[in-house]
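Throughout, a chain's letter reflects where its sequence line sits, starting with A, and its residues are numbered from 1. Computed from a predicted model, the values in this text were never measured in an experiment.
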Amino acid sequence: MSGVNFVDVSKTYEDGTEAVRGLELEVVSGEFLVLVGPSGCGKTTTLRMLAGLEEVSEGEIRIGGAKVNDLPPKARDIGMVFQSYALYPHKSVEQNLTFGMEMMKGEEALSSNEIESRVKEISNLLGIAELLEKRPRELSGGQRQRVALGRALIRRPKVLLMDEPLSNLDAKLRNQMRIELRRLHEEHGTTTVYVTHDQIEAMTLADRIAIMNDGELQQHATPDECYNNPANDFVKDFLCRHIDEIVTTANHIVSKR
Amino acid sequence: MSDLAIRWFAPLELRILSGMSFLSCALLSVVLLFDYFRGDYDSMSIHGVGLMALTVMILTAIDFTEEGRTRRRDMGLMASGITLGCGVIGLAIRGAEYLLVDLWAGLVLLIPGLSGLYLLSTPLVSRWVGSTIERVEAEDGLVRNRLLLPKWQAALKHVVLLHVVAVVMIPVLWIIDVAISPGDALQGGAMFSSPTGEHFSNILGGDNFWVWARNSVIVSIGTTLLGLCLAIPAGYAFSRYRFKGRGAMMFTFLLVQMFPGIIILVPYFMVMKSLGLLNTAIGLILAYSVTALPLCVWMLKGFFDTVPKELEEAALLDGCSQFGVFYRIILPLSLPAVAVTGLFSFLVAWNEFLLALTFNTSDDMFTLPVGLASYISATDSAWGDFAAMSLLVAIPVVLLFIVFQKFLIEGLTAGSVKG
Amino acid sequence: MRRGIFLIAVMPLIVALLAMPVVQATAVSKVEASGESSSYRNVNLTWELASPAEDGDGFHIMFSESSFSHTGNATIHSTVFTASTDGMVQPAVGEWYDDCQSSSGDDDWAMVFRSENGSAVVPPGTVAIRCDLTGMPVGAEVFLAILPFDSHWISGELSEVVGATSTAVDELPPSADTRPVWFAIGSIALSLVVLLAVLGWKERSAQGRSAMLYVAPALMALALLTFYPVGYGIVLSFTDANQSALGEQSFNGLDNYVEVFTSAGFLRVLGFTLLWTVVNVFAHVGIGLALAMALQGRVKGKVAYRTILLLPWAIPSYITVLIWRGIFQYDGLFNGLLGTQIDILGLPVPAAAAVIVVNIWLGFPFMMMTISGALQTLPGDIYEAAEVDGVSPISQFRHLTLPMLKPAIVPVALLGFIWTFNMFNVIYLMTDGGPNLWFGEPGSTDILITYVYDVAFRRGMYGLAAAWSVVIFLILLWFSATYMKKTNATEAVV
C-alpha cells in the first residue's frame, strides 16, 4: 500500500547539471532500502525529489501507487530525518515533536490528547522522555539524532526518509544507533529510504540496497546479492573492494601482533 | 488513491487573487488617507466601499472549503464587480481634472476588480468550484501551479518593492528637479523642459560654500586622524591582551555608545565655552573623535580578531618586539580595516549637526551641515540654491557609502549587536 | 449612509478630523510694531480690528526671528481672548510677560483682564489691542503678525507681518573664569594616570602593562570628554547656571527638578516623545522586516533594489530632512501632487504626522540591513523540515523566522529606541518643535531633546536644561533596564 516507485525519473538542475538519469526503482511496502553511492552520485537528490523538496524534471514518482510529482511535501505523508537534524533551535524537544501536528488544520487536525499520547509513545520508544523540556543545543549528538527521528515518526508517515542521519556521530554511537534503527524498523515496519555513502552502513541496515553512481542506478538487490554478484565493475569496486580492504587490513594488523 | 491530486489541488487563480487583493487593500488605505487630506468625502466613501469589497475578496479567495465553494465564488465575483465599479466611479468623479494620484488610486481598484472577474470565471475555476474536475486536469493544474505561482509571487513582490522605491526616490528626484529649475519654485518641473545651472554657479561662485567645505574638511580629517590614533591601540589591546579590567573597559565603551548625546550637550558646551574652544575646529574635532571612538574601537577589535595570532607569534620568535609586531605585522595587515574605520569616523564628522550647530555659531565657522541648514531656516525661500548645494554635498557621501556599504554595515552591526 | 460606511472603514482617521479648520474669525485691519522705546528684550505691538471683536474671538501673536508667511514658521508668543470679563481682575503693568491693553475706540486704553488660569481677556467690542512683548532678542529684527481665531479652532488668515528691533541694551555679564575648568580637567587626567599606573604596576606581566599603555589614550579621552561632562552636567542640574552668569552659578538644590516636573508642558512633551519613539521603532522594525523578507532569496534586480532602498540611510540626514521640509511646504510637492492646500507644518496634527513619516523614511534601511544580515544566519534546513512537517509559509514565518530573529531584533530595537528618542535633527530641521501654540512651553512637535535645546540655547537656562537632560537620561536608563529584563524573561519562557 505504501510502496514507492520511481519511473524513469531524471533531474536536471537549472545550470544544466544532470543529477539523476532515468532512475527506475521500486521500494516495496515495509522495506528498508538503502541508497548508497559516492558523494555526488545523485542519491540525496533522489531522496529530496521523493520528499518533494526538489522538483522532478522528468518521469514519475509514485507513493502508494499515486503520482506525487507535483504534490507539496505535506501531501505525501512522509517523515524525514535530515543529515544536520534540522531541529528547531528555539523550541523544546517536545515542541519540536509536536510542531508539525499542531500546525495541521481542518479535518487533519489532531486533538491535544492524541498529540500528548503520541509524544509519550514516541519519547518512550526512543528513550528521550527525560529530555522533553530541553532545547536542542543542550542535547548531545546522539540525543539530537533521536529527537529528529522522533519528529519524523510521530506523524506516522507512510514512508520514512533518512539523509545520512548517522554521519555526524562518532563511531561508537553510530554503531549503537544503527542497531537501534534496525530494531525500530522491525517493530514499526514503516517503508524506509535511507541515504548513505558508507558501505558498511548499507550492508548492515538494508533489506535491499540501491547503488548509484553518476546519476544512474548500478544495482538494486539484497546486500548479499550485491556483494556476491556485483552487476558491474563499479559495484564491485565500490562495495566489494572496500569491504575486502577492510578485511585485509584487519588481518594485517592481527598478523602483526 | 486517485483523489490525492484532486484533494490537494486548488487553482492558482485563487492564490493570485488573494495576494493581489491584499496588496490593493494596503494601498487603498493610503488612498483613503489622501482622500481625507483632500477633504474629498465622496471619493473617500467610494474607496471605502472598495476597501470592504476587497476584504471580501481576500476572505473568499483565501480558503475555499469543500462545501461553500459555489457560494464563496459568487460572493467573490460580486465583490470583484463592486471593486471594479468603485474604481470606475472614483475615476469618473474626477472627470478630466485628474491628477497622477487619482490615476493610481483608480488602478489600485481596477486591476483587482478586473482580475477578480476574469480569474474567478475561468473554466478551470468553474469546474473546480463545481467539484467536477478530472484527475488529469488536477494533475496538470498542480504542474501549472508549480511553474506559474513563483512568477506571480515575484510579480507581486516587485509591485510592493516598486512602491517603496517610489517613496524613496520621490524626494531624491524632487531635489534634483529643484536644483536645475530656475528661481526658487518648490514645484520644480524643469527636469524635462529648461534645466539651468544658475543655482550651481551661485553656490560654486559664492564664498560660503568654500568656507564651509573647508571647515568641514578640516574637522573631518582632524577627527579621522585623532580618532584612529586613539582607537587603533585600544582596539588592538582589547583584541590581543587579556588584562585586569578588560571586560569592564569594553563594556564601558559599549555603554558610552548608548549614551544619549543630549546629556553631554549642555556641559560640553559650557566646558568648550570656558576653554574658549567655541567657534574653533579643535573643539569639534575633540568632541567628534570621542563620539565616534567607542564604535571605532569595537570595529577595529573585530577586525584585529581576524588576524591570526600565529603570525604574531612567528614574528615574536623572529625577534620582533611587542611594538614591532603591532607596527610591522598587524597594522599593515589590517590597513583596509583601518581605512574603513577611518571612513566611518570621517562620515560621522562630515554629517554631524547638533554639536556643530551648538558650538560654532559664527557663520565663518559653520560646517557644511549647519551652513546648509542656515540657507533654509533663515528665510525658507532659497530652495534652488539649497537644492544645488545639497546635491554637491550629498553625492560624494552617498557614493562613498554605497561603495563601502558592505564593510560599513558589517562594522556597524558588529559594534551594535554584539552587546 | 455614505458617511456611515466610511466611518467603519477608516475609524482611526476620525480622530484627526478635529484638526480641520472650519470658521473664519474677525479680521485684523492694521498692525504696527516698535522696539525703539521699549525696555530690554521688549517689543511693542499694536493691532486694530476690522470690526469690533465678538465673544469667542481670539488672537494669537505670532513671532519669528525671520520673516514668515505661514504659521508653521512662527511661534505663538501670547494669546488674547474675547469674552465677558465679569469677575476678572486687571493686573498692574509688569506682572505678566505680555502686558496688554485694549481699547474699545477713541484711544482710551485699559489693561486687559486676566482669567483664573492667567489668560489675557478683553471685553467684546474691543477694536484695538496693544501688547508689550518680552523675551525678544536684542539688536536683531523680529517679525510679528496676528493670527485671529474663533473659539472652535485656528483659521489660518494671517495678518500682515511687521518687523521691529528691540534696541535697549543691558549690562553684559563679565567673562567667565576658566581656571576651575582647567583645574578639573587637569586633576582628572592626573588621577587617571595614577590609576592606570597603579593598575599596570599591580599587573605583574609585561603584557598587562603594555595593554594599559595601549588603552590609556582612548580611556583618557573618554574620561575627559564624556564622563567628566556627564558628571559636570549632573552637578550643573543642581545649580542656577544660566547664560548671564556663567561660572558664577550657585547651588539651588532640587529647584530645577521641581521646575521640570511642574512645568506646564512636561507631560505633553513626554507623551509626544513616547508616541514619536514607539511609532517610529515599530514602523522601522516592521517595514525593515517586510523588506528584508521581500529581498530574501532570488529576486530580480536585488542589488539595484538594495542600493536604492539604502539611499535614505546613505544621504546625510540633515539634507533629507530639509528636502522633506521643502516637500511639505505650503506650495511644495506634497500639496502639488495631491492637489490639496494644507499648511502641513503649521498645524499641530499634520505636523506631528509629517515628522513621524519623515523619520520612518529615514530609519527603515538600517533595520532592513540588520534584519537582512540576521536572516542570512538562519539555518536553511529547518525550513525544509517544516515543509515536510506540513507547516504553511505563514506559520513558518510566525513560528520559525520571527522567534529565531528575536535575539537579533531585540538589541537593535533598543538601539533604535534610544536613537529615535534622541533624534534631534528631524524635529529641529523640520518644524523646530512648532507649530508653537504655547509661549514658554514646548511646541506641539517638540520631543524632549529638542525642548532641552530650546531651554539651554534659546532661553540660556543651563542648569534647568541639565536637569532636563538628567531626567531624560534616567527615563532611558529605566526603559532600557526594563526592556532587557522583560525580553530576557519572555525568552526564558518560550
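Neither the backbone nor the side chain of C/Ile344 comes within contact range of chain B, judged by heavy atoms closer than 4.5 Å. Contacts between C/Ile287 and chain B at a heavy-atom distance below 4.5 Å are absent for every atom of the residue. In this structure, no portion of B/Met389 lies under 4.5 Å from any heavy atom of chain C. The parts of C/Ile323 that come within reach of chain B are both its backbone and its side chain, each placing non-hydrogen atoms under 4.5 angstrom from that chain. Of the two parts of C/Phe421, neither the backbone nor the side chain holds a non-hydrogen atom closer than 4.5 Å to a non-hydrogen atom of chain B. With a 4.5 angstrom heavy-atom cutoff, C/Ser469 touches chain B via backbone and side-chain atoms both.
Distance check, rounded to the nearest 0.5 Å: OG of B/Ser239 to OH of C/Tyr214 gives 12.0 Å. Between the CG atom of C/Leu219 and the OG1 atom of B/Thr252 there is a distance of 7.5 Å, given to the nearest 0.5 Å. Rounded to the nearest 0.5 angstrom, C/Leu224 CG and B/Leu286 CG are separated by 9.5 Å. We find the CG-CH2 distance between C/Leu322 and B/Trp383 to be 6.5 Å, quoted to the nearest 0.5 Å. Summarising the geometry, atom CG belonging to B/Leu357 is positioned 5.5 Å from atom CZ belonging to C/Phe424; distances are rounded to the nearest 0.5 Å. From C/Thr340, atom OG1 reaches atom CG of B/Asp35 across 11.5 Å, with rounding to the nearest 0.5 Å.
Atom CD of C/Gln341 has 12 or fewer heavy atoms from other residues, nucleotides or ligands within 6.0 Å. No more than 12 heavy atoms of other residues, nucleotides or ligands sit less than 6.0 Å from atom CZ of C/Arg306. Applying the 6.0 Å contact sphere to CZ of B/Phe404 captures no more than 12 heavy atoms from other residues, nucleotides or ligands.
For the pair B/His158 and C/Lys300, the tightest heavy-atom approach, listed with the atom from each and the gap, is CE1-O, 3.2 Å. Closest non-hydrogen pair, B/Val397 versus C/Ala314, comes out as CG1-O, 4.0 Å. For the pair C/Ile308 and B/Val168, the tightest heavy-atom approach, listed with the atom from each and the gap, is O-CG1, 3.4 Å. Between C/Met293 and B/Lys157, the shortest heavy-atom contact is O-NZ, 4.4 Å. Heavy-atom minimum distance, B/Pro267 versus C/Leu236: CA-CD1, 4.3 Å.
Counting heavy atoms from C-beta on, the side chains of B/Val172 and C/Ile315 come closer than 4.5 Å. Looking at heavy atoms from C-beta onward, B/Leu161 lies in side-chain contact with C/Leu291 at the 4.5 angstrom threshold. A heavy-atom distance below 4.5 Å is not found between the side chains of C/Phe227 and B/Ile264. Within the 4.5 Å cutoff, the side chain of B/Val266 has no heavy atoms near those of the C/Tyr232 side chain.
When C/Gly326, C/Ala221, C/Gly233, C/Ala374 are compared by the number of non-hydrogen pairs under 4.5 Å with chain B, C/Gly326 comes out ahead. Put simply, of C/Gly301, C/Pro365, C/Pro316, the one with the most heavy-atom pairs under 4.5 Å next to chain B is C/Pro316. Counting heavy-atom pairs closer than 4.5 Å to chain C, the top-ranked of the candidates B/Ser390, B/Ala394, B/Pro369 is B/Pro369. Residue with the most contacts toward chain C among B/Leu400, B/Val167, B/Val393, B/Val160: B/Val167 (heavy-atom pairs, distance under 4.5 Å). When C/Ala294, C/Ser237, C/Ala456, C/Pro217 are compared by the number of non-hydrogen pairs under 4.5 Å with chain B, C/Ala294 comes out ahead. Between chain C and the options B/Tyr268, B/Tyr236, B/Trp350, the largest number of non-hydrogen pairs under 4.5 Å is found for B/Tyr268. Interface check for chain C: of the options B/Leu354, B/Val101, B/Leu99, the most heavy-atom pairs under 4.5 Å are formed by B/Leu354.
Judged purely by atom type and a 3.5 angstrom limit, B/Arg38 has no side-chain atom pairing as donor or acceptor with the backbone of C/Gly339. Between the side chain of C/Trp313 and the main chain of B/Phe401, no donor-acceptor pair closer than 3.5 Å is present.
Taking the ring centroids of B/Phe37 and C/Phe334, they lie under the 6.0 Å cut-off.
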Inset, instruction - Tell me, with the steps shown, if C/Val321 and B/Phe353 meet side chain to side chain contact (heavy atoms under 4.5 Å, CB included). - result: CA-CA 12 Å; C/Val321 172; B/Phe353 181 74; over 6 Å; no
Legend entry - Test log, rule side chain to side chain contact (heavy atoms under 4.5 Å, CB included), inputs B/Val271 and C/Tyr228: CA-CA 10 Å; B/Val271 171; C/Tyr228 166 58; 3.9 Å; yes
Inset, instruction - Test C/Ile319 against B/Ile175 for side chain to side chain contact (heavy atoms under 4.5 Å, CB included), laying out the working first. - result: CA-CA 10 Å; C/Ile319 291 184; B/Ile175 199 69; 5.9 Å; no
Inset, instruction - Please lay out, stage by stage, how B/Arg246 and C/Val215 fare under the test side chain to side chain contact (heavy atoms under 4.5 Å, CB included). - result: CA-CA 10 Å; B/Arg246 173 175 177 270; C/Val215 180; over 6 Å; no
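Aromatic ring orientation, C/Tyr462 versus B/Phe269: tilted (interplanar angle from 30° to 60°).
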